[in-house]
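Working notes for the structure below.
Both backbone and side-chain heavy atoms feed into the values below; hydrogens, waters and symmetry mates do not.
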Amino acid sequence: SAIDITERKINEEELLRSKQNLEIVASKLMEQNRLLDEFAHIISHNLRSPVGNIQSLIGFINEKSTLDDYQ
């Protein structure tokens, strides 16, 4: 007896193509996540210095001082 497996083979090939497409998309997403992490690192590094400067300036403020003392 013979069984026609044409449809099964077509489905297997479609499944393999879908798997390959998902792997490509996953790879692109991983690269995008890496770039986003790198961007976040750069931004946090670039903001750290100005924020530190502001904190230092705030530390110089004396509660008993007036605005005229800083002009």
Roughly how far, to the nearest 0.5 Å, is [atom2] of [Y] from [atom1] of [X]?
| X | Y | atom1 | atom2 | value |
| --- | --- | --- | --- | --- |
| Glu7 | Lys9 | CD | NZ | 14.0 Å |
| Asn53 | Ile58 | CG | CD1 | 11.0 Å |
| Leu36 | Leu29 | CG | CG | 11.5 Å |

Check your understanding: Are Lys28 and Glu31 close enough, and set up right, to give a salt bridge (charged side-chain N to carboxylate O under 4.0 Å, His left out), and what steps lead you there?
Key -> CA-CA 5 Å; Lys28 288 179 181 179; Glu31 176 63 14; over 6 Å; no
Review point. Under the side chain to side chain contact (heavy atoms under 4.5 Å, CB included) criterion, do Asn11 and Leu15 qualify, and how do the steps go?
Key: CA-CA 6 Å; Asn11 289 338; Leu15 187 60; over 6 Å; no
Using a 4.5 Å cut-off between side-chain heavy atoms of Ile, Leu, Val, Met, Phe, Trp and Tyr, which other residues end up in the same hydrophobic cluster as [X]?
| X | value |
| --- | --- |
| Ile3 | Ile5 |
| Val51 | none |
| Leu35 | none |

Exercise for review: Would you please name every residue forming a side-chain contact (heavy atoms from CB on, under 4.5 Å) with Ile42, sequence neighbours left out?
Suggested key: Glu38, Asn46
Exercise for review: Please name all residues satisfying side-chain contact (heavy atoms from CB on, under 4.5 Å) with Thr6, sequence neighbours left out, ordered by chain then number.
Suggested key: Asp4, Ile10
Check your understanding: Considering residues at least two apart in sequence or located in another chain, which fulfil the side chain to side chain donor-acceptor pair (under 3.5 Å) criterion with Lys19?
Key -> Glu23
Exercise for review: For salt bridge (charged side-chain N to carboxylate O under 4.0 Å, His left out), just list the numbers for Glu14 and Arg17, CA-CA rounded to whole Å, side-chain angles, deciding distance to a tenth of an Å, and then say yes or no.
Suggested key: CA-CA 5 Å; Glu14 187 177 327; Arg17 277 193 301 273; 5.1 Å; no
